[in-house]
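Below: one structure, written as C-alpha cells.
This chain uses plain numbering: 1 for the first residue, then up along the sequence.
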Amino acid sequence: MSDAPRSFYEEIGPDAFRRLVDAFYREVAADEVLKPMYPEEDLGPANERLRMFLEQYWGGPSTYSERRGHPRLRMRHAAFHVNPDARDRWLRAMRVALDEAELSPLQDATMWDYLERAAHAMVNTFEPSGIAPERPSSRPGLPLHPDPPRRAGSDR
C-alpha cells in the first residue's frame with residue numbers, strides 16, 4: 001500500500017467527470033448564448049475535449065495533451081465572444097452540473113474554486129453579446145472628429 005496522496009482525479013473517479021461534463025453540456029445545449037459558441041451541431045466532441053481536459057488537470061490520464069497539445073485555454077477561446085454574461089451563463093451551467101455530480105463538500109468547493117477562476121480568466125470582452133439588431137448601414141454613425149461649433153458672426 002502506497003503512502004502517496006491520491007490525485008483529485010483518483011478521489012472522485014472518471015465517472016464523476018463524465019457525469020459532470022454530460023450535465024454541463026445538457027445545460028449548454030439549452031442556453032441561447034452558450035450553444036452558438038460550439039461549432040459542432042453535436043456537442044459530443046466538445047464534451048470529450050472538456051472531460052479529457054478536466055481529467056488531466058486534476059491528475060488523471062494525459063490524453064488531452066497527447067491528442068491536442070498544450071491546453072492554451074485563452075488562445076482556444078479567443079475567437080469566441082466571452083463577456084461577463086457568457087461567463088455567468090457558463091458558471092450557472094457548471095454549478096448545475098457540479099450539484100448533480102454530488103461530490104463531497106470539500107471536493108465540490110475545490111472544483112468550484114478552480115471553475116470560477118477559469119471562467120473569469122476566459123473573459124475577453126466587455127461588449128454586449130450582439131443580440132440586439134445592428135444599425136442599418138444607410139444610417140451614418142457619429143463622425144470621429146465633429147466640426148467645432150460655430151460662433152455667432154463667424155463665416156465658418
Original post:
Sequence neighbours excluded, which residues qualify as ring-ring contact (aromatic ring centres under 6.0 Å, His included) partners of Y38?
Top reply: Y25
Heavy-atom closest pair, residues [X] and [Y]:
| X | Y | result |
| --- | --- | --- |
| D42 | G44 | OD1-N, 2.9 Å |
| R87 | A119 | CG-O, 3.6 Å |
| T125 | V123 | O-CG1, 3.5 Å |
| M111 | L20 | SD-CD2, 3.6 Å |
| A101 | R19 | O-NH2, 3.1 Å |
| E100 | A23 | OE1-CB, 3.5 Å |

Are the side chain of [X] and the backbone of [Y] linked by a donor-acceptor contact shorter than 3.5 Å?
| X | Y | result |
| --- | --- | --- |
| N83 | N124 | no |
| R76 | P71 | yes |
| H81 | E127 | yes |
| S62 | S65 | no |

Original post:
If you measure only the distance, is there a donor-acceptor pair under 3.5 Å linking the side chains of T63 and E66?
Top reply: no
Subject >> Charged N-O contact under 4.0 Å between E48 and R67 >> reply: yes
**OP:** Evaluate side-chain contact (heavy atoms from CB on, under 4.5 Å) for L73 paired with F53, printing each intermediate quantity in order.
**Re:** CA-CA 10 Å; L73 293 180; F53 169 77; 3.7 Å; yes
Subject >> side-chain contact (heavy atoms from CB on, under 4.5 Å) between W90 and L115, worked out >> reply: CA-CA 10 Å; W90 190 91; L115 294 170; 3.8 Å; yes
**OP:** Assess whether side-chain contact (heavy atoms from CB on, under 4.5 Å) is satisfied between Y57 and Y114, documenting all intermediate values.
**Re:** CA-CA 10 Å; Y57 179 85; Y114 167 74; 3.2 Å; yes
**OP:** Would you sort out whether W58 and F8 count as a ring pair (Phe, Tyr, Trp, His ring centres under 6.0 Å), showing the intermediate values?
**Re:** CA-CA 5 Å; W58 292 103; F8 189 80; 4.4 Å; yes
Original post:
Is there side-chain contact between L43 and R26, with heavy atoms separated by less than 4.5 Å?
Top reply: no
May I have the list of side-chain donor-acceptor pairs in residues 92-99 shorter than 3.5 Å, sequence neighbours left out?
unit_1: R92; atom_1: NH1; unit_2: E27; atom_2: OE1; d: 3.0
unit_1: R95; atom_1: NE; unit_2: D99; atom_2: OD1; d: 3.0
unit_1: R95; atom_1: NH1; unit_2: D108; atom_2: OD1; d: 3.4
unit_1: R95; atom_1: NH2; unit_2: D99; atom_2: OD1; d: 2.6
unit_1: R95; atom_1: NH2; unit_2: D108; atom_2: OD1; d: 3.1
unit_1: R95; atom_1: NH2; unit_2: D108; atom_2: OD2; d: 2.7

